[in-house]
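Before any comments, here is the structure.
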Amino acid sequence: MSIFKKFMQFSAVSSMLLLAACGGGGDETASGTEGQADGGSGVVSADIGVISYNSGPGAAYGEAITNGLKLAQEEINAKGEVNINLKIEDSAGEQDQALTAAQKLINSENVTAIIGPTLSTEMNVVGPEADLSGVPIMGTSTTAEGIPQLGEYVFRNSIPEALAIPASLKKAIEAYDVKKVAILYGNDDVLTKSGFDTMKATAEEMGLEILTIETFQKGQSDYNAQLTKIKSLNPDLILASALYNEGAVIMDQARKMGIDVPFVGGNGFNSPEVINIAGDAANGLIVATPWFGEKEDPKVQDFVAKYTEKFGKAPDQFAAQSYDGLYIFAEALKNAGDSDRDAFRDALAEISNFEGILGNFSFDEEGDVVMEPTVLTIKDGKFQEFNE
Amino acid sequence: MLAELINPYYLQVGSFMLINIILGISMYITLSTGQLSLANAGFMGIGAYTSALLTIHFSLPIPVGVVIGAIFAGLLGIVVGLPTLRLKGVFLAIVTLGFGEVIRVIFVNWESLTKGSVGLSGIPHMGRELLKTVKELGFEPKMLGLQNNQFIFMAIFLILLVIVIFVIWFFKRQNDSRIGRAFSAIKLDEQAAESMGINITYYKVLAFAQGALLSGFAGALFAHMLGYISPADFAYHKAIDILIFAVLGGSEVIWGPAFGAFFLTLLPEVLRFISEYRYMIYGVIIVVMMVVRPQGLIDLNVVKWIKRKTTRRGLKNGTGN
């Protein structure tokens, strides 16, 4: 009997705490529906939920993403065609946190649609849930295989590796007459591992001879063992699926060792930081990216100027992708004419030939990206468009 | 009325809370023999991967997968426990932390089975499978006036609640039994316990295996709740999270880690309104609490105090039984 009583005490205390904690959430719901109600005045108004990686080791990604979104929101609302209200939630880069954030946005805040989460791993968990609840969700930085295939309500506007790597590899093959390649990748990171899978498949498809496949771990600082082996095999090109911090060190050590063949990198390798870390050794890196800040497009230059003025640093691809992402949402919202989730989903799926700062953008029938990525190379210490 | 009260968000948080309570208790059991093991995250991964792989490849029902996952983790606990439990204190902690990392590296490198660091997706989801089953039996959530997702999370929450109640009940009972007394004798003084005729190795391995079994069980539930797992979920920071449940909540009584898990799962959600700063505040709260109450929030005195308070109130109002 006493056990039962003790349990009752415990559960009474805990449910009281739980109720107290939930009290805060309730108020916000009320304000959320209010925002949607003034859609009658001609301007479509909607709450858009954002799940991003704002605290923890990857907080820089989340910061760039939310900055891009805030800038886009300001501009869109100033135009007055639609009114977007952002509800930003942090996921700390963890699947369970991302899932509770999504549940909060879907059920407590009643958002029309969600942008995010930041990582593909998080999207793997959140996507099916949003799809089940009928909430359109779009990743602006999820590049892994199979993301839009999670459900009818799942979209992305970030160029998947499956689009980026073949593009850069093709140009590199044309320019350097590549026959034999070596592959080097980080096997304990989702992004670099899935990048490697794509690289291997692409290289096989293009009929290249893969001399060796070498792996390394996150945070490794000495790559001489792998590079010595690669050097002895004498490849025409090195495919490196690495994040920029490891990638830059790899290039530095490779150049010192006398390996002067070009490198083709994946999405994680694409950062101006590579030049800062590796200096001259970074010359010869080829990456395909949706985002090129030096492009002579007034829209791009305008965005770079505004972003730099507002946040004190130049935008990276994450900021650019989320900025374009919110514009795509605004366009869909305008076409839907209503903040209803299903109407919005249909309008979103029909987006095609959207002209953003990343270029001409369309969704395919699965909600994946149709877009021509720009291939960049590092030459004379800066990123330039690759045309040889 | 019912339908408005059931918000999947709260139920989701509640479900994570319950899983974390199981993890907290798994830490408590090994701690109750005075051993500091940091292998719980590794065992959690074993349970999660075992159950996920079995349900994906052999289409086993989820409950069977979860039970096999837990048992497998428990057996591994015995195998690992036998040699390592000769070590004590900080050495055991280091060895078990190493074990957890070994498990994670195996998950990363055994790509043909685990898909490496990309992780396993498409794991059958507890709630969705349950919904499918009840629909086949001709039951619709609408009969209760519920949406599909409300029904799903309601069901998950209730199932987990029953499990957690059972787990707490079981280990409360065990604590008051011969085994529990042997555990606390070992915790107080190993040599004295041995001279009293307690088979130390047996009880230490038993506690370690029970902890492993429970972690594996929680891990399997975790896998079927998220539908996706990757090796990074079971890295050392998870082990530390689990340790904090027990340390912050208090490891003297079973309510300690349970409350610790409850509190530390709730805290980040309650702190959502300060967005980027919430983990900073979370850290500050942990530091302050450890300074103020190094023995953990709930210890024997608190339990006695609550008991006294409630019995007295019960007597006054005439509701005590």
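Proteins get letters first, then strands, A, B, ... in listed order; numbering begins at 1 in each.
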A/Q95 and B/S230: CA distance, side-chain angles, deciding distance, side chain to side chain contact (heavy atoms under 4.5 Å, CB included) verdict: CA-CA 10 Å; A/Q95 287 97 291; B/S230 69; 3.9 Å; yes
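- Residue pairs that meet the salt bridge (charged side-chain N to carboxylate O under 4.0 Å, His left out) test with at least one member in residues 120-132 of chain A, sequence neighbours left out, are A/E129-B/R128.
- Heavy atoms from other residues, nucleotides or ligands lying under 6.0 Å from CD of A/E152 number 12 at most.
- There is no contact between A/A102 and chain B, counting heavy-atom distances below 4.5 Å.
- Sorted by first and then second residue, the pairs that involve residues 104-124 of chain B and meet ring pair (Phe, Tyr, Trp, His ring centres under 6.0 Å), not counting sequence neighbours, are B/Y49-B/F107.
- The heavy-atom pair separating A/Q103 from B/Q12 by the smallest distance is NE2-OE1, 2.7 Å.
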Please report the C-alpha distance between B/F16 and A/L99 in whole Å, then the side-chain angles of each, then the deciding distance to 0.1 Å, and finally whether the side chain to side chain contact (heavy atoms under 4.5 Å, CB included) criterion is met. CA-CA 10 Å; B/F16 279 127; A/L99 186 56; 4.1 Å; yes
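- For the atom pair A/Y185 OH and B/S117 OG, the distance stands at 7.5 Å (nearest 0.5 Å).
- The shortest heavy-atom contact between A/N107 and B/N7 is CB-OD1, 3.0 Å.
- Contacts between A/D96 and chain B at a heavy-atom distance below 4.5 Å involve backbone atoms as well as side-chain atoms.
- Proximity to chain A is absent for every atom of B/L11, based on heavy atoms less than 4.5 angstrom apart.
- Contacts between B/F153 and chain A at a heavy-atom distance below 4.5 Å involve the side chain alone, from C-beta outward.
- One finds the OG atom of A/S194 at 12.5 Å from the NZ atom of B/K115 (value rounded to the nearest 0.5 Å).
- For B/Y236, the OH atom counts as loosely surrounded, since its 6.0 Å shell holds 12 or fewer non-hydrogen atoms of other residues, nucleotides or ligands.
- Among the candidates A/L150, A/V126, A/T121, the single residue satisfying the side chain to side chain contact (heavy atoms under 4.5 Å, CB included) test with B/Y228 is A/T121.
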Step by step, work out the side chain to side chain contact (heavy atoms under 4.5 Å, CB included) result for B/V105 and A/D188. CA-CA 8 Å; B/V105 171; A/D188 58 349; over 6 Å; no
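- A distance of 7.0 Å separates CD of A/Q217 from CG of B/N109, quoted to the nearest 0.5 Å.
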Begin from the C-alpha positions of B/E269 and A/K104 and carry the test salt bridge (charged side-chain N to carboxylate O under 4.0 Å, His left out) through to its verdict. CA-CA 10 Å; B/E269 291 302 321; A/K104 184 177 182 200; over 6 Å; no
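- Checking side-chain atoms of B/S121 against main-chain N and O of A/N124 turns up no donor-acceptor pair under 3.5 Å.
- Around NZ of A/K310, the count of heavy atoms belonging to other residues, nucleotides or ligands within 6.0 Å exceeds 12.
- Proximity to chain B is limited to the side chain of A/E94, based on heavy atoms less than 4.5 angstrom apart.
- By the 4.5 Å heavy-atom criterion applied to side chains, B/P268 and A/Q97 are counted as neighbours.
- Contacts between B/P231 and chain A at a heavy-atom distance below 4.5 Å are absent for every atom of the residue.
- For chain A, the option among B/M280, B/R104, B/E111 with the highest count of heavy-atom pairs below 4.5 Å is B/E111.
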